[in-house]
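See below for the structure under consideration.
The structure presented is a predicted model; accordingly, all values stated were derived computationally and were not measured. Values reported hereafter were calculated over all heavy atoms of this structure, with side chains retained and with hydrogens, waters and symmetry mates removed.
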Amino acid sequence: MSKGTKRAVLVGCNYPKTQFSLHGCINDVKAIRGVILDIGFKESDVNVLTDAPGSPVHPTGVNIKDALNRMVNKAKAGDILFFYFSGHGTRVPIFQPGQPFKQDEAIVACDLNLVTDVDFRRLVNRLPEGASFTILSDSCHSGGLIEKEKEQFGGQHMTTTVNTDKPKPSKAKAKSLPFDIIHSAIDTAAGILHDAANVGQKIFGIFGKDVSLKFHPHYVEGLMVLDPLEEDEGILLSGCEANETSYDLVLENKAFGAFTDAVVNVINQNLGVGISNRHLVAEAAKILKNNGFEQNPCLYCSDENTNTLFLGGFA
């Protein structure tokens, strides 16, 4: 197979001037951008969206999905696609008649228009044969962000215990936005009572065709089914398990995500040689545990991609 193109969409949301603001997410994007440029990505193939003041394109739900769709639409055999996100994550409660209650994972865009596990599944299913799509999400509840992807590494595989002699910094903040807060904001925007309609209808009413597929009537009513391919090319490196939190922190006047910082450190230690997806997650997890963090980074992918080189190896 001929060597393909490496393309990336990098998103950082600090949610400035809100009650749920973060501090290190834009710094995280800068750090990841620097790393991937060092390992073979071309600047012209890296698309950055942040909510920094003066940013030309803000990471709204529509803009994030548009950037991802354009990246997937360009993909050819051999291409390596990469999506990085630093910001809040949430869990969407799903109530379906006759079905057990469950919660599904999503990332929170700066306008609260969620991008969900179903949206990422749809993107992976659209990949041309021979292309891959790697997601690295430094957000709470990020485990499981590609619907029905297989977990290959998680907390149950960890042997390193949390270093209790090094507790989290006092300025550590969970990158989690409870769905109740999102629901309340949606109610306010919609001008309707909390129990006037189900939340999916409310979200669809506000964002219309730009809503996550999870809230689209065709998906909700079971008219559209997105099953994973038998051995797909979706790869997810998450900052934590689906029921856990990832952390944004300020240390020595530097704001950053704990998981992102660990990943960058591991990559920098392996420049010139590369590192497998599983080894990268495992080594980042060790750093987090040694620094006093309880979050358990995870790897979701096919059996084959577990030990393939992260982003195709380092140039």
Side-chain angles (χ1 to χ4, degrees), residues 9-15 18-22 25 49-51 57-69 72 83-96 101-124 135-149 174-190 192 194 197-220 224 226 234 236 238-240 242-246 248 300:
V9 173
L10 314 180
V11 175
C13 295
N14 274 343
Y15 317 94
T18 69
Q19 62 183 3
F20 39 86
S21 63
L22 297 172
C25 300
L49 289 76
T50 74
D51 55 5
V57 181
H58 277 244
T60 63
V62 171
N63 289 339
I64 293 172
K65 286 183 284 187
D66 179 62
L68 292 173
N69 279 319
V72 170
F83 173 59
Y84 171 79
F85 177 77
S86 180
H88 280 303
T90 194
R91 302 191 84 187
V92 182
I94 304 298
F95 301 93
Q96 292 179 322
F101 170 75
K102 65 173 185 173
Q103 298 184 86
D104 288 342
E105 295 73 40
I107 59 172
V108 183
C110 68
D111 63 345
L112 305 187
N113 188 2
L114 303 179
V115 184
T116 71
D117 57 343
V118 173
D119 299 312
F120 291 117
R121 165 51 57 198
R122 189 182 197 184
L123 289 164
V124 169
I135 298 171
L136 197 158
S137 189
D138 192 347
S139 55
C140 289
H141 314 300
S142 45
L145 262 180
I146 304 177
E147 187 190 35
K148 299 179 181 177
E149 198 63 69
K175 301 169 87 168
S176 175
L177 191 57
F179 192 74
D180 284 349
I181 294 177
I182 298 171
H183 193 173
S184 177
I186 288 167
D187 282 343
T188 301
I192 54 182
H194 186 84
N198 72 58
V199 68
Q201 291 173 331
K202 294 176 186 179
I203 293 174
F204 187 78
I206 293 171
F207 296 112
K209 64 181 178 60
D210 297 320
V211 75
S212 167
L213 182 60
K214 185 176 292 291
F215 306 114
H216 194 285
H218 285 177
Y219 184 82
V220 173
M224 184 184 296
L226 289 174
L236 168 66
S238 67
C240 61
N243 62 347
E244 293 180 340
T245 53
S246 292
D248 178 79
Y300 290 77

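By the side chain to side chain contact (heavy atoms under 4.5 Å, CB included) test, A242 is found to be paired with R91, E105, residues two or more places apart in sequence or in another chain being considered. Under the side-chain hydrogen bond (donor to acceptor under 3.5 Å, both in side chains) criterion, N243 pairs with no residue at all, not counting sequence neighbours. For the ring pair (Phe, Tyr, Trp, His ring centres under 6.0 Å) test, no residue two or more places apart in sequence or in another chain qualifies with Y300. In this structure, the side chain to side chain contact (heavy atoms under 4.5 Å, CB included) partners of D111, at least two apart in sequence or on a different chain, are T60, A109, N113, F207. Residues meeting the ring pair (Phe, Tyr, Trp, His ring centres under 6.0 Å) test with Y84, sequence neighbours left out: none. By the salt bridge (charged side-chain N to carboxylate O under 4.0 Å, His left out) test, D138 is found to be paired with K175, residues two or more places apart in sequence or in another chain being considered.
Here the side chains of I182 and V108 are in contact, with some heavy-atom distance below 4.5 Å. Inter-residue side-chain proximity for L114 and F179 is flagged as met; some heavy-atom pair is nearer than 4.5 Å. No side-chain heavy atom of F85 sits less than 4.5 Å from a side-chain heavy atom of V115. The shortest side-chain heavy-atom distance between L145 and S238 does not fall under the 4.5 Å cut-off. A 4.5 Å side-chain heavy-atom check between S246 and C240 finds at least one atom pair inside the cut-off. Side-chain contact between L49 and V9: present, with at least one pair of heavy atoms (C-beta onward) separated by less than 4.5 Å.
Within the 3.5 Å criterion, the main-chain N or O of L177 finds a donor-acceptor partner in the side chain of T90. Side-chain atoms of N14 do not come within 3.5 Å of backbone N or O of S21 as any donor-acceptor pair. At distances below 3.5 Å, not a single donor-acceptor pair connects side-chain atoms of H141 with backbone N or O atoms of Q103. Counting only distance, with no hydrogens or angles, the side chain of N69 and the backbone of K65 share a donor-acceptor pair below 3.5 Å.
A donor-acceptor contact closer than 3.5 angstrom is absent between the side chains of S142 and S137.
To the nearest 0.5 angstrom, D248 atom CG is 12.5 Å from S176 atom OG. To the nearest 0.5 Å, atoms OG (S212) and CD1 (I107) are separated by 10.0 Å.
Between I146 and R121, the shortest heavy-atom contact is CG2-NH2, 3.6 Å. Residues C13 and C110 approach most closely at SG-N, 4.0 Å, considering heavy atoms. Closest non-hydrogen pair, L236 versus G144, comes out as CD2-N, 3.6 Å.
The only option from L10, I135, L136 that meets the side-chain contact (heavy atoms from CB on, under 4.5 Å) definition with F83 turns out to be I135. Partner of D210 under the side-chain contact (heavy atoms from CB on, under 4.5 Å) criterion, chosen from N63, V62, D66: V62.
A salt bridge does not link E147 with R122: none of the charged nitrogens is closer than 4.0 Å to a carboxylate oxygen.
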